[in-house]
Amino acid sequence: MRAPAEQRHAIELELNGETRHGSAEPRTQLCDFLRHDLGATGVHVGCEHGVCGACTVLVDGVASRSCLMLAVQADGRRVDTVESLARDDVMNDLQQAFSRHHALQCGFCTSGILMSCVEYLERVPEPDEAGVRDMLSGHLCRCTGYTGIVRAVLEVAGQRRTGESQQQALENRNDV
Amino acid sequence: MKAASFDYVRAESKREVLQLLHEHGEDARVLAGGQSLMATLNMRLTQPKLVIDINRVEELNRIRNERGHLAVGAAVRQVQLTDRAELAREVPLLAKALPWIGHFQTRNRGTVCGSVAHADPSAEIPLCLVTLGGTVVLESLKGKRREVKAVDFFQGLLTTDRQPRELISEVRFPLAEDGADYHFQEIAMRHGDFALVALALCLRADGAHLGVGGVADRPVAQTLPLGDELPDALNTLAWSLGAQDDVHASAAYRRQLVRELGRRLIEEPSHARTR
Amino acid sequence: MNHPASEGPAGAGPLGRSLTRVEDAALLRGLGRYADDLATPPGTLHAAIVRSPHAHARVLSVDASEALAIKGVRAVLTGEDVKRWAHPFPVGVRGAPMEHWCLAVDKVRYVGEPVCVVIAEDRYRAEDALDAVRVEYEPLKPVIDPEKAATEDAPVLHEAVGGNVVNERHFRYGDPEKAFEEADHRVSIKVRFPRNSCTPIECYVVLGHYQPATGVYDILSNFQGPYALHSVMARALNVTSNRLRLRTPPDSGGSFGIKQGVLTYVVLMGLASRKAGAPVKWVEDRLEHLQASSSATNRVADMEAAVTADGRVTALRYDQIDDCGGYLRAPEPATFYRMHGNLTGAYGIRNLTVRNRVVLTNKMPSGLNRGFGGGQMYFALERLMHQVARRLNLDPLEVMRRNLVPTDAFPYRTASGALLDSGDYANTVELALRDGGYDELIRRRDQARAEGKLYGVGLCAAVEPSISNMGYITTALTPEQRAKAGPKNGAVSTATISIDPLGGITVHVSSTPQGQGHQTVAAQVVAEVLGVDPAGILVNVELDTGKDPWSIASGNYSSRFAGAVAGAVHKAALKVRARLANIAATMWEADAERVRFEGGKVFIEDGPSLGFHRVAGTAHWSPALLPENETGGLRETAFWTPPQLEAPDDDDHINSSLCHGFIFDYCGIEIDRVTGEIHIDRYVTCHDAGRLLNPMLVDGQIRGGFTQALGVALMEEFAYGEDGSFLSGTLADYLLPTAPEAVEPVILHTETPSPFTPLGAKGVGEGNNMSTPVCIANAVADALGRDDIRLPLTPSRVRGLIGIDEPPAPEGLEPLAAPKAGGPALQARDSVEVPASPQTVYDTVLDPETLRAIIPGCHALELEGENRYRADVTVGVGMIKARFAARVQLSDLDPPRSLRLSGSGDSAMGSASGSAHVTLVELDNGHTRLDYVYEVDVGGKIAAVGGRMLQSASKIIIGQVFNRLAQRLTGKPAGGLWQRLRALLARLFGKGGAS
Ligand SMILES: Cc1cc2nc3c(=O)[nH]c(=O)nc-3n(C[C@H](O)[C@H](O)[C@H](O)COP(=O)(O)OP(=O)(O)OC[C@H]3O[C@@H](n4cnc5c(N)ncnc54)[C@H](O)[C@@H]3O)c2cc1C
Ligand code: FES
Ligand code: FES
């Protein structure tokens with residue numbers, strides 16, 4: 001595929017399970033395209049040089065910085081953003097655990113962190129704290145000091161292992 | 001912070017890449033994992049006319065264990081190596097060094113060859129390649145296919161022997177030697193930062209081959225004597241690197257780490273931190 | 001390990017409970033509405049800003065014609081426009097006629113200062129045009145060091161002021177001279193607090209929309225307050241204040257004080273919209289943010305204590321310099337005065353002298369930053385207290401205990417005028433020691449030391465002020481100046497509760513939160529008072545100065561939410577409740593005092609009962625049923641200001657804040673002798689923040705502030721070169737702690753309610769930003785037995801403190817040069833050997849053809865005068881390249897012995913200048929050795945983002961010049977330094993050499 005500069009090129013991708021169409025110049029960052037053309041404003045932009053992690057999305061299931069990808073590179077790919085996590089207005093286990101553990105304040109870093117966690121927990125179902133912290137080293141959060149995030153991820157990993165449902169987890173928590 | 005305009009080609013084959021590099025030379029840039037290139041584009045520190053995306057060139061996405069080395073193709077991502085169970089046996093030094101590169105999110109996309117092409121003086125992969133005596137394979141449309149020793153390939157800060165029309169088609173890491181032990185150690189400001197000092201060690205019965213990254217303007221490796229002569233040899237090595245001050249560390253600090261951490265690593269390698 | 005936060009007043013209501021946040025649902029699903037997510041009006045244009053690459057320069061001309069010719073570019077706003085339409089920003093001190101405009105009009109005074117604004121159809125195109133704006137600068141000598149800036153012969157930033165000290169005040173409380181005279185000991189310390197920033201992850205966003213018909217600037221921005229600055233912006237826009245309609249979005253991606261600094265861009269984008277005749281949006285990028293948004297004020301403090309033989313401090317002397325950067329931007333010099341009332345910290349010290357000087361240097365303007373003024377002040381005071389203990393050979397804990405304000409003294413009036421509202425310092429300290437395991441920590445220290453390790457324990461006691469007195473800043477003025485200006489004081493907070501016809505409750509607060517959970521807490525407060533489910537209440541935190549209640553203290557700063565804003569919410573809720581009780585009582589012909597609110601019902605014990613919505617609905621649907629005096633409708637706004645916040649008196653006493661929490665921290669750290677890395681073994685932080693409204697949120701604030709403070713202590717610094725270049729331009733250069741570096745502190749609480757706030761709560765958001773940096777510094781001082789502790793304590797710096805005893809360099813490997821202090825950022829020397837005689841070499845160099853050939857990437861070289869050229873060059877390393885319009889000169893000609901080759905130029909990536917002094921040495925073999933000593937100054941983006949690589953890069957580029965020369969003379973490349981080194985190593989190590 002050849003895409004001349006300063007012209008928009010058609011892009012088709014699967015965004016959060018739906019086929020979406022748009023167009024972008026070659027130089028357009030994927031994060032800008034997702035936010036401003038496809039309306040996925042849950043993707044946040046904090047540095048545009050790959051350090052803060054706020055823009056992290058899954059590209060074909062792999063956590064990737066969307067500021068370090070071109071929109072045209074996502075053509076034909078599957079992209080998942082934080083908007084994909086809740087089903088029927090119910091937040092998934094990770095999101096719920098984030099809320100319980102006060103793992104977010106301003107929430108600006110959160111969408112990227114959640115997407116990293118999604119892939120990480122699939123790859124590493126039994127993480128330890130050091131592993132979770134290492135995974136999180138690719139994200140900057142200025143509000144929380146990370147403790148709540150670490151606890152939430154470890155708790156969800158535990159729940160998923162034992163098959164304990166979120167509801168049970170909640171009840172158990174309220175018992176103590 | 002938005003890139004200047006460029007043409008973009010999503011290459012389908014190695015030949016297409018070589019053809020485009022041939023036509024555009026200096027004006028073209030290969031886009032591999034983009035973990036270094038994209039930031040420099042966004043900052044407009046580089047303004048190529050053409051970006052050649054090699055991410056979908058299947059023939060460059062190969063890892064081969066043959067003829068005593070592990071050959072890693074241009075589109076192979078760092079994560080593909082960290083996922084490779086045999087790597088710890090094949091190239092143990094690399095297996096130990098890879099987790100120190102950036103973060104899992106950047107290793108997900110960053111390539112092995114891209115790191116070699118970029119030639120950051122602190123980068124782990126070039127350091128391993130130099131320490132192990134590996135090679136870089138360069139191809140161009142018209143020229144001869146060249147296999148260059150890593151030590152000759154890295155010529156200074158972000159500067160290599162690659163000519164503008166050449167593609168690094170693969171890099172080759174020698175497989176583990178029998179009887180040698182491999183260790184890796186790094187000091188950085190934070191987890192995943194570029195190294196202030198990185199040490200790669202191949203320990204043999206009769207000596208230590210120590211690679212140092214982050215101090216000179218390129219990775220440097222040196223065979224050192226064991227025993228009483230080691231401190232002096234390390235001191236010479238430390239001074240030879242031309243360490244410089246920057247906002248994060250002084251030259252004296254870097255030299256001292258080469259001396260003291262180098263010695264710690266050689267004499268008590270089991271104490272090396274892992275990541 | 002963690003001591004759970006108390007559950008507060010465990011009443012039946014929601015207040016004091018750790019409710020999860022109502023904010024979370026939207027934020028976790030990516031449905032937050034941050035400034036850059038909101039819809040823009042059709043036709044909105046996008047701005048990009050041309051910024052100065054120079055720290056200090058005169059702007060000779062700005063030519064935007066080429067930029068305007070670019071497709072998609074719609075307008076360019078320049079200093080000329082700004083002078084025509086706007087005013088400089090008002091300044092908080094008198095008698096210093098400095099002008100700060102939203103764009104540079106005459107000079108630039110820091111790297112990154114806005115010079116003009118390009119407005120285009122999208123951001124990419126706007127940035128394309130940046131490179132096309134031609135700005136001609138005349139570089140001036142910069143001054144970076146605040147102490148140097150305060151001297152007579154320093155370069156002056158604002159000629160009209162005449163010097164760089166823009167404000168100086170002396171204060172004297174009690175009888176310090178006598179105390180010092182009678183003291184058994186005088187202990188002093190001099191410390192420097194660096195520049196850093198709490199760096200929110202979301203940068204500034206401004207959407208400016210000028211409405212020509214009404215002359216209203218309608219501007220949306222993630223500004224955080226204080227809204228006292230609204231008047232500063234309105235004055236700068238040259239409109240009456242009702243013509244600046246300032247709005248904030250529902251969500252904001254963090255601020256920590258930093259988003260106060262967006263105020264200059266609010267004005268800038270308002271003017272940009274006026275110029276373009278369309279709405280204009282600007283989203284600050286990270287490079288802009290780091291170099292030119294805002295920063296904590298760096299400080300030099302010289303301190304002295306008068307101490308009795310038993311360690312009681314009887315007087316303090318402060319001599320401080322605050323470096324506010326290129327301009328005194330409001331609310332500076334507030335960094336000094338926010339803490340003025342509590343300069344004696346947690347101690348009962350009655351005698352005090354203070355000299356405060358505010359200086360300007362060529363750095364970005366400073367401003368609010370979490371812990372505002374506290375990090376600076378406690379770094380000096382608590383290092384001094386540590387020093388007192390060392391000098392007197394006492395336990396630092398003992399010294400602290402002997403000096404704390406006694407429990408029976410509250411409310412306690414400090415020497416400089418603060419009224420410490422409540423506290424029990426002595427018992428809080430003991431509780432923290434007990435519950436945090438202090439004795440065990442000391443045992444760990446002793447054991448570690450016995451094992452030969454470097455282990456230290458640090459302490460800090462601090463008073464955490466909250467709810468600022470809006471009048472404290474006038475302490476910077478003399479009493480006479482204040483008298484003229486009229487008194488300023490107080491801290492008016494507002495809240496509004498509306499109940500709609502179906503009983504739906506909407507709360508509005510003017511506190512513009514950035515993640516602190518104000519919606520949750522406000523709902524808790526209202527639910528508690530009205531007896532309803534907090535989940536049903538909606539809290540709106542957007543602020544629109546065009547239609548919402550607000551006042552100068554609105555906004556989110558000085559930890560004023562829990563104490564003041566929640567108090568106003570409480571007051572508004574009580575007003576609503578009183579009206580509803582009255583309505584119900586009338587219906588039931590009962591006494592209003594007997595009406596109860598609980599469980600969503602309004603009722604009388606053992607009597608009638610109605611749903612809350614029914615009673616509330618009466619006010620809308622059935623005015624006929626209402627009691628007399630009841631107007632119908634249901635909306636109450638409460639304003640609240642505490643009477644204790646008075647203006648400074650004639651003796652400069654100032655109660656700078658309403659509430660004063662207490663923090664006692666200690667930590668144990670171990671230092672790696674080799675790497676200098678600091679490992680925090682345990683950190684205990686104990687807070688008395690009065691009554692806790694939501695303990696989970698309180699602990700969240702503590703953890704966040706603590707982690708930022710860890711960054712300040714260990715890694716964060718905005719670094720400037722001596723040449724004024726900014727060196728921390730990316731998040732790979734300015735380092736924030738990530739999860740592996742963060743440690744979980746042991747958090748402890750006590751609660752001494754404030755008698756001055758409606759709910760007894762005090763602020764809690766900033767304490768660790770004040771206490772933690774110095775606590776860690778004290779631990780390092782303890783571990784190493786050193787006094788000269790500077791932040792950040794990077795591994796390299798700590799290792800330097802331990803001492804690096806380097807064995808000498810082997811012959812031939814001596815380091816090439818040590819840069820001289822105060823000189824240019826980069827200096828080095830090198831040499832190259834050329835097989836030709838000095839005369840031949842000399843003649844070759846003077847030939848313009850040679851020059852063209854040896855300058856790397858030279859596209860064109862044009863003679864300008866004798867040995868002076870204009871050149872068009874592209875230089876760089878690797879893929880990083882920039883095209884410079886350069887001037888090249890050969891001077892100091894002494895044929896055939898020496899000459900100077902210099903060049904300077906500007907590019908879109910910044911400026912660079914360099915000069916090499918070349919000596920030609922004839923060798924025995926008839927060849928020539930060129931020894932060159934060079935210095936390079938770089939500014940702008942190259943310096944900001946390339947810090948790690950500048951030295952090597954300039955070495956490569958300069959090296960290229962001389963290698964090309966050698967090549968030209970011989971036809972083959974010269975052996976560079978590296979080749980020579982390899983040869984040398986081969987000799988030293990025998991076989992192989994370096995490989
Ligand atoms: C937050 C962060 C942290 C990082 N930390 C580290 C770290 O600690 N250590 C480290 O080593 N790296 C680090 N990196 C960089 C990362 O490892 C990059 O992946 C690597 O430097 C470049 O690989 P890439 O595949 O991304 O190459 P790209 O960015 O795509 O390309 C880099 C350069 O090489 C050229 N190039 C790439 N492939 C070829 C080829 N086959 N032939 C010719 N030219 C080619 C490109 O044109 C470009 O000039 C970090 C990156 C980020 C974003
Ligand atoms: S915006 Fe992509 S990593 Fe920061
Ligand atoms: S929650 Fe604000 S940056 Fe992480």
Side-chain angles (χ1 to χ4, degrees), chain A residues 6 25 27-28 32 35-36 40-54 81-86 89 91-92 94-96 98-112 114 130 132-150, chain C residues 18 20-21 23-34 36-38 71 123-124 198-203 251-256 283 285-287 289 513-517 696-697 699-708 710 730-732 736-745 945:
Chain A
E6 311 228 355
E25 284 183 48
R27 60 171 162 170
T28 305
D32 281 348
R35 288 174 49 74
H36 299 299
T41 51
V43 177
H44 294 160
V45 178
C47 73
E48 297 173 275
H49 53 272
V51 182
C52 77
T81 68
V82 68
E83 284 96 336
S84 69
L85 299 183
D89 281 335
M91 293 198 287
N92 78 1
L94 204 57
Q95 290 168 309
Q96 294 187 20
F98 266 55
S99 183
R100 280 199 299 281
H101 289 281
H102 193 28
L104 68 156
Q105 288 181 27
C106 77
F108 204 74
C109 67
T110 312
S111 6
L114 284 168
V132 172
R133 286 189 182 265
D134 184 57
M135 174 270 293
L136 289 173
S137 72
H139 291 276
L140 297 175
C141 173
R142 229 12 189 171
C143 298
T144 64
Y146 305 101
T147 304
I149 304 173
V150 174
Chain C
S18 291
T20 56
R21 307 191 315 163
E23 289 86 347
D24 291 354
L27 301 183
L28 281 164
R29 294 177 58 189
L31 306 176
R33 287 170 299 149
Y34 301 88
D36 189 29
D37 301 339
L38 303 180
K71 201 174 112 195
R123 176 65 179 249
Y124 289 78
C198 288
T199 32
I201 304 300
E202 178 198 42
C203 296
D251 294 303
S252 174
S255 174
F256 322 109
V283 180
D285 69 35
R286 184 57 66 183
L287 301 188
H289 186 82
Q514 298 93 20
Q516 294 86 345
M696 176 182 85
L697 300 192
D699 284 359
Q701 286 298 309
I702 291 172
R703 287 196 186 98
F706 171 73
T707 308
Q708 290 172 335
L710 208 59
T730 74
L731 287 177
L736 319 181
T738 63
E741 291 80 45
V743 289
E744 171 67 4
V945 310

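Chain letters run A, B, ... following the sequence lines, proteins first and then strands; every chain starts at 1.
For the set C:Thr707, C:Val283, C:Asp36, the entry with the most heavy-atom pairs within less than 4.5 Å of chain A is C:Asp36. Between chain A and the residues C:Ile702, C:Val743, C:Asp285, C:Thr199, the most heavy-atom pairs under 4.5 angstrom are made by C:Thr199. Chain A forms more heavy-atom pairs under 4.5 Å with one residue of C:Ala742, C:Gly517, C:Gly32, C:Cys198 than with any other, namely C:Cys198. Highest contact tally toward chain A, considering only C:Glu202, C:Arg123, C:Gln701, is held by C:Glu202 [criterion: heavy-atom pairs under 4.5 Å].
Using a 4.5 Å cut-off between heavy atoms, C:Pro737 contacts chain A through both its backbone and its side chain. Using a 4.5 Å cut-off between heavy atoms, C:Asp37 contacts chain A through both its backbone and its side chain. Heavy atoms closer than 4.5 Å to chain A are found in both the backbone and the side chain of C:Leu697. For C:Tyr124, the parts lying under 4.5 angstrom from a heavy atom of chain A are both the backbone and the side chain. For a residue to count as touching a neighbouring chain, one of its non-hydrogen atoms must lie under 4.5 Å from one of that chain's; by this rule C:Thr730 touches chain A with backbone and side chain alike. Of the atoms belonging to C:Glu23, not a single heavy atom falls under 4.5 Å from chain A.
Between A:His44 and C:Tyr34, the two ring planes are perpendicular [angle over 60°; tilted spans 30° to 60°].
Between C:Glu744 and C:Arg703 there is a salt bridge, since at least one side-chain N of the basic residue sits less than 4.0 Å from a carboxylate O of the acidic one.
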